[in-house]
S.K.: 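Handing you this structure, nothing more for now.
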Amino acid sequence: MTILKRDQILFFLKALILPILIAIFPAIVYYGNNVDLVLLSSLGWAIFLYSSFAILGFIITCILLKGQFYKAANIAFIFMVAFNFYGILYAFFANNFVL
């Protein structure tokens, strides 16, 4: 069993910042656009849900890439962007092409 060093933990946490920030941004934007319709407590749940997806994607890619934290962060970033734009892309292709 390998004991993680302090530098490895800090490296992991520094790489985790990108997926977390890209996960929080859409939740805040969606809340800001619908502030008159949505309760503030819903923002907390949305941030929690998006952050959970980002952390899960980051951890899975860290395992698959065997500890290459920055590459895993970039892949988790791409996953979160695709996760957030799926509906927009689907609507675009559904209207312009036959799906």
Side-chain angles (χ1 to χ4, degrees):
M1 181 175 187
T2 305
I3 297 174
L4 294 176
K5 295 180 184 175
R6 182 177 177 267
D7 294 337
Q8 290 174 328
I9 293 172
L10 289 175
F11 196 65
F12 176 83
L13 293 175
K14 195 185 329 181
L16 186 60
I17 291 173
L18 176 66
I20 293 292
L21 289 178
I22 199 64
I24 291 174
F25 179 72
I28 292 173
V29 169
Y30 295 149
Y31 178 77
N33 290 335
N34 299 309
V35 73
D36 54 341
L37 302 173
V38 181
L39 297 174
L40 185 60
S41 62
S42 298
L43 175 64
W45 281 107
I47 288 175
F48 173 74
L49 184 67
Y50 276 116
S51 297
S52 298
F53 283 138
I55 292 170
L56 184 66
F58 178 71
I59 290 173
I60 289 172
T61 53
C62 277
I63 292 169
L64 292 175
L65 294 176
K66 299 177 182 168
Q68 297 177 353
F69 299 130
Y70 286 147
K71 287 183 182 179
N74 288 330
I75 292 172
F77 170 79
I78 292 169
F79 168 74
M80 289 306 297
V81 169
F83 180 77
N84 286 311
F85 285 111
Y86 170 75
I88 295 169
L89 291 175
Y90 181 80
F92 173 74
F93 287 124
N95 290 335
N96 294 328
F97 305 106
V98 177
L99 291 179

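Heads up: numbering here begins at 1 and tracks the sequence.
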S.K.: So if you build clusters from Ile, Leu, Val, Met, Phe, Trp, Tyr with side-chain heavy-atom gaps below 4.5 Å, do Phe79 and Leu49 land together?
M.R.: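 Looking at the clustering, Leu49 is in the same group as Phe79.
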S.K.: So which atom in Pro19 and which in Ala76 form the shortest heavy-atom distance, rounded to 0.1 Å?
M.R.: CG-CB, 3.8 Å
S.K.: For Leu39, which fellow cluster members are found when Ile, Leu, Val, Met, Phe, Trp and Tyr are connected by side-chain heavy-atom distances below 4.5 angstrom, either directly or through intermediates?
M.R.: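 Its cluster mates, by chain and number: none.
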S.K.: Rounded at 0.5 Å granularity, tell me how far CE in Met80 sits from CD1 in Ile24.
M.R.: 10.0 Å
S.K.: How long is the gap from CD1 on Ile20 to CG on Leu13, to the nearest 0.5 Å?
M.R.: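 Here the interatomic distance stands at 10.0 Å.
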S.K.: Heavy atoms, side chains only, cut-off 4.5 Å: are Ile55 and Leu16 in contact?
M.R.: yes
S.K.: Are Tyr86 and Val29 linked, directly or through intermediate hydrophobic residues, by side-chain heavy-atom contacts shorter than 4.5 Å (ILVMFWY only)?
M.R.: no
S.K.: Treating Ile, Leu, Val, Met, Phe, Trp and Tyr as nodes and any side-chain heavy-atom pair under 4.5 angstrom as an edge, say whether Ile63 and Ile9 lie in one connected cluster.
M.R.: yes
S.K.: May I ask you to test the Val35-Leu40 pair for a side-chain heavy-atom distance under 4.5 Å?
M.R.: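 Of all side-chain heavy-atom pairs linking Leu40 with Val35, none is under 4.5 Å.
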S.K.: If you look only at pairs with a residue in residues 8-36, which of them pass as a ring-ring contact (aromatic ring centres under 6.0 Å, His included), with sequence neighbours excluded?
M.R.: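 Qualifying pairs, neighbours excluded: Phe11-Phe69, Phe11-Tyr70, Phe12-Phe58, Phe12-Phe69.
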S.K.: Give, for atom CG of Leu64 and atom CD1 of Ile75, the distance between the pair rounded to the nearest 0.5 Å.
M.R.: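 If we round to the nearest 0.5 Å, Leu64:CG and Ile75:CD1 are 8.5 Å apart.
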S.K.: How long is the gap from NZ on Lys14 to CG on Asp7, to the nearest 0.5 Å?
M.R.: 9.5 Å
S.K.: Under a 4.5 Å side-chain heavy-atom rule over Ile, Leu, Val, Met, Phe, Trp and Tyr, are Phe48 and Ile22 clustered together?
M.R.: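 In one cluster: no.
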S.K.: Atom OG1 of Thr61 and atom CD of Gln68: how far apart are they, to the nearest 0.5 Å?
M.R.: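 Answer rounded to 0.5 Å: 10.5 Å.
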S.K.: Answer with yes or no whether the hydrophobic clustering places Leu18 together with Val81; edges join I, L, V, M, F, W, Y residues whose side-chain heavy atoms lie under 4.5 Å apart.
M.R.: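 Linked, Leu18 and Val81 end up in one cluster.
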S.K.: Can any side-chain N or O of Ser51 pair as donor or acceptor with the backbone N or O of Ile47 at less than 3.5 Å?
M.R.: yes
S.K.: Suppose we screen for side chain to side chain contact (heavy atoms under 4.5 Å, CB included). Which residues come up paired with Phe92, at least two apart in sequence or across chains?
M.R.: Asn96
S.K.: To the nearest 0.5 angstrom, please state how far the CD1 atom of Ile28 sits from the CG atom of Asn33.
M.R.: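 If I round to the nearest 0.5 Å, the distance is 12.0 Å.
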S.K.: What's the shortest heavy-atom distance between Leu65 and Ala72, and which atoms?
M.R.: CD1-N, 3.7 Å
